[in-house]
There are 2 protein chains.
Amino acid sequence: MEHIDECKQGDAIGARVESVTLIDVARVAGVAPMTVSRALHRPELVRSATQKKVLDAVRATGYVPNMLAGALASSKSSLVAVLLPTIASSVFADTVQALMDGLTAARYQTLLGLTGYSPQREEELVEAILGRRPDGVVLAGTDHTNATVERLTRAKIPVVEIWDLTDTPIDIVIGFSHEKLGEELARHLIKKGYRRFSVLSVDDPRALRRANSFIHELQRHDIDNVRFVIRHAPATLQVGREGASAILEGGAPEIVVCSSDTLAQGVLAQAASRGLKVPQDLAVMGFGDLSTAAHVYPALSTVRVDGAAIGACTAQALLERFSRDNQGKNYPVRLDTGFAIIDRDSA
Amino acid sequence: MEHIDECKQGDAIGARVESVTLIDVARVAGVAPMTVSRALHRPELVRSATQKKVLDAVRATGYVPNMLAGALASSKSSLVAVLLPTIASSVFADTVQALMDGLTAARYQTLLGLTGYSPQREEELVEAILGRRPDGVVLAGTDHTNATVERLTRAKIPVVEIWDLTDTPIDIVIGFSHEKLGEELARHLIKKGYRRFSVLSVDDPRALRRANSFIHELQRHDIDNVRFVIRHAPATLQVGREGASAILEGGAPEIVVCSSDTLAQGVLAQAASRGLKVPQDLAVMGFGDLSTAAHVYPALSTVRVDGAAIGACTAQALLERFSRDNQGKNYPVRLDTGFAIIDRDSA
DNA sequence: CTGTTAGCGCTTTCAT
DNA sequence: ATGAAAGCGCTAACAG
């Protein structure tokens, strides 16, 4: 309110709200601006008496440091950009939570961008976001346009690709192999005795890669007639339910392998409404996180991925890069966080 | 790899990666820096020949405008801060998606902060984030610390509180009344003939307010012995399942009213595993979005909230504020987006 | 430990 | 339609 009065006086004509600056604080504290800056960011470099004067002045003036100016002057934005396909697909929720927890604790802030599974859109977002001079970038997946890769590389900041693995990462890559997952799952289920498979997947690139390598592995074991139903992302219960209908049209397979737990839940619902017992009449396999579904639906099998671990490792990798005096050197990281097949018959 | 070579050449001694600036572009294009700036941001002010020279120079140099500098000079950051309790609770997913769609289209970027339902944490985040000089702030809910409100007010930027309603908004408020929702729901269910109620809620403040006004309204209708089970947020299927167990201990009520669809799904699962038919043996009421659950579980009733509408309205309100020559004036907005009771018996 | 001097890269505000 | 000068608010680098 004191502030508002000031405004009414000050801005006789104009629009600009003139905010309190470092210089104002310095004047009130009776020290040099630089001393205020130090008192705020490196308190160990100033006498505690000075420190107190400054903090008092900060409080008195209601000073809020302008990080735009700080970042410009220091070439350090304390900003990390995170680009995800969507926020609706909750597979990333744990990852983002863990990532942001780690970053926030280290006083980094998060710039979020949603790509909608479109590499083109990702490219535009990268370009726009790089203008903010983030200290690091996190991307979902390893499939990017050439321009995206080039821009990211030119930016010379840590880049983490997550939720996938590749032999040619831009910089750091933390995740697991969707191909390997598909193959292992196929072998696992064959070993369990299943022979009649259906696959229900949304058209998100990683889901499709899992599905394809799953089906290929089945073929290598002479299992060919796999019903493969693809629906548009995002994966919802409704999509799962409709997909199940489509699959069940041609008679029930032994098992339906879904690209996500959400889909799998939709399938469960559809199975229930048709009076099919799971897993006796119809086994259902999901993908995602245990906490979401597997504990709750005793009949549901799933492939568990530790999203929180991916986020935590990403935060740690970034912070390490930020802190280390990485003078020109690169410390590539390739972390396979793995996955676990949670199986109702064996568990 | 090209990247690394370049590094080794260029930075003979130092650490700083010197990037291409407006001045470099101007030199290459043979014009003044200011002309480059205009060509990029207000093309209508430069001759198309000049325009072309500049764009060529931009491409040739790989120039990426430094928005930190731009924002500092122009006092316009093109940044909107969004503070949410969590990203795990998917009730906000649609809202965030719609909000960001709107903002991104207008070339605004989003700074995300997670408060974990803690007003204290929100306060810290607000302080930190205000340092970025965002052009607007979006907050979930209307329950903030005094310091939060004061800082936000002092910032003199549009502030939107969403997913709730209040008579004393900071600035703009877009959502619905959780009290009214609880009351209407109570009256609705009483009218349908229900008498034995249980409530299962997580301890998120808005969920509790819905639950409390629901129960109070029941009491006003002389229904008193309501079982009220509260669990820690976030709401997961597992929490729903456990909560259902706790409730069913004391014999099944006619209906369980849950603070979210996710919880409700957990209750459905538990009911199924006990052989209870829904809604005949046990009716289940959720809360959230239709697409999540109600279309899929024919037995599930729910209160539908249009999260996407909240996000879209928020984006629109912000953009309007940004564009209008809001010279000192305020255009308060109070938008009740309402809710709809989706009922299995009536629908 | 504190102060001074120079910018960071851009845009505003005049001139031309 | 284009240019020149003067900052935006802060911090690096050095001097004391």
Side-chain angles (χ1 to χ4, degrees), chain A residues 13-54 57-58 61-79 130-133 135 155 325, chain B residues 13-54 57-58 61-79 130-135 155:
Chain A
I13 313 156
R16 177 179 280 152
V17 178
E18 35 205 290
S19 66
V20 182
T21 74
L22 200 67
I23 297 183
D24 301 321
V25 177
R27 195 161 28 225
V28 171
V31 297
M34 197 55 230
T35 303
V36 176
S37 176
R38 287 197 189 98
L40 258 24
H41 300 299
R42 324 213 35 208
E44 70 276 15
L45 295 184
V46 300
R47 261 203 336 235
S48 62
T50 316
Q51 166 80 345
K52 186 184 176 319
K53 277 196 296 185
V54 170
V58 166
T61 53
Y63 172 64
V64 179
N66 185 328
M67 299 179 79
L68 296 172
L72 178 60
S74 65
S75 306
K76 185 184 187 307
S77 64
S78 298
L79 226 41
L130 249 23
R132 247 11 121 168
R133 298 297 188 264
D135 291 335
D325 300 78
Chain B
I13 313 158
R16 177 178 283 149
V17 179
E18 35 205 289
S19 65
V20 181
T21 75
L22 200 66
I23 297 183
D24 300 321
V25 177
R27 195 159 27 224
V28 172
V31 298
M34 198 51 234
T35 303
V36 176
S37 176
R38 287 200 190 96
L40 259 25
H41 300 299
R42 326 211 37 206
E44 71 277 14
L45 294 185
V46 299
R47 266 207 329 241
S48 62
T50 317
Q51 166 81 344
K52 187 185 174 320
K53 278 195 294 184
V54 170
V58 165
T61 54
Y63 172 63
V64 179
N66 186 327
M67 300 179 79
L68 296 171
L72 177 61
S74 65
S75 308
K76 185 185 188 307
S77 65
S78 298
L79 228 40
L130 249 23
R132 267 332 142 179
R133 298 296 188 266
D135 291 335

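Residue numbers start from 1 in every chain, and the chains themselves are labelled A, B, ... in the order their sequence lines are given, proteins ahead of strands. Treat the numbers as computed from the prediction; the structure is a model and nothing was measured.
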Rounded to whole Å, how long is the line connecting atom [atom1] of [X] with atom [atom2] of [N]?
X        : N      : atom1 : atom2 : value
B:Lys76  : C:dC10 : NZ    : P     : 17 Å
B:Arg42  : D:dT2  : CZ    : P     : 14 Å
B:Leu40  : D:dT2  : CG    : P     : 14 Å
A:Arg132 : C:dC8  : CZ    : C1'   : 17 Å
B:Ile23  : D:dA5  : CD1   : P     : 13 Å
A:Asp24  : D:dC10 : CG    : P     : 9 Å
B:Arg27  : D:dG3  : CZ    : P     : 14 Å

Under a 3.5 Å distance rule, please check whether B:Arg42 uses its side chain to pair with a backbone N or O of B:Ala39 as donor and acceptor.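 Here the side-chain-to-backbone pair does not exist.
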Whether the side chain of A:Ser74 engages the backbone of A:Gly70 through a donor-acceptor N/O pair (distance < 3.5 Å, no angle test) should be reported.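 Yes, the answer is positive, given that a donor and an acceptor are paired below the 3.5 Å cut-off.
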For B:Val46 and for A:Met67, find the nucleotide of DNA chain D with the closest heavy atom, then tell me which residue's nucleotide is more 5'.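 Between the two, 5'-proximity favours B:Val46.
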Choosing from C:dC8, C:dT2, C:dT12, which nucleotide comes nearest the side chain of A:Leu72?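 For the A:Leu72 side chain, the nearest candidate turns out to be C:dC8.
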When you get a sec, tell me which of D:dA1, C:dT11, D:dC10 is the closest nucleotide to the side chain of B:Leu22?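 Between D:dA1, C:dT11, D:dC10, the one nearest the side chain of B:Leu22 would be C:dT11.
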List for me each residue that meets side-chain hydrogen bond (donor to acceptor under 3.5 Å, both in side chains) alongside [X], sequence neighbours excluded, and say none if there are none.
X       : answer
A:Arg27 : A:Asp24
B:Ser37 : none
A:Lys52 : A:Asp56

Using the 3.5 Å cut-off, write out each protein N or O paired with an N or O of nucleotides 3-5 of chain C and the distance between them.
| residue | atom | partner | partner atom | Å |
| --- | --- | --- | --- | --- |
| C:dG3 | OP2 | A:Ala32 | N | 2.9 |
| C:dG3 | OP2 | A:Thr35 | OG1 | 2.5 |
| C:dG3 | N7 | A:Arg38 | NH1 | 3.3 |
| C:dG3 | O6 | A:Arg38 | NH2 | 2.4 |

Sequence neighbours excluded, which residues qualify as side-chain contact (heavy atoms from CB on, under 4.5 Å) partners of A:Pro65?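 With sequence neighbours excluded, A:Pro65 shows a side-chain contact (heavy atoms from CB on, under 4.5 Å) to A:Tyr63, given in chain and number order.
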Contacts of type side-chain contact (heavy atoms from CB on, under 4.5 Å), residue B:Val28, not counting sequence neighbours: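 B:Ala57, B:Thr61.
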Could you say whether A:Ala69 or A:Leu45 is positioned toward the 5' end of DNA chain C, judged by the nucleotide with the nearest heavy atom to each?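 Nearest-nucleotide comparison on DNA chain C picks A:Leu45.
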Quick check on DNA chain C: between A:Gln51 and B:Asn66, whose nearest nucleotide comes earlier from the 5' end?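 Looking at the nearest nucleotide for each, A:Gln51 comes out on the 5' side.
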So, is B:Ser75 close to the D:dC8 phosphate, meaning a side-chain N or O under 4.0 Å from OP1 or OP2?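 Result: no.
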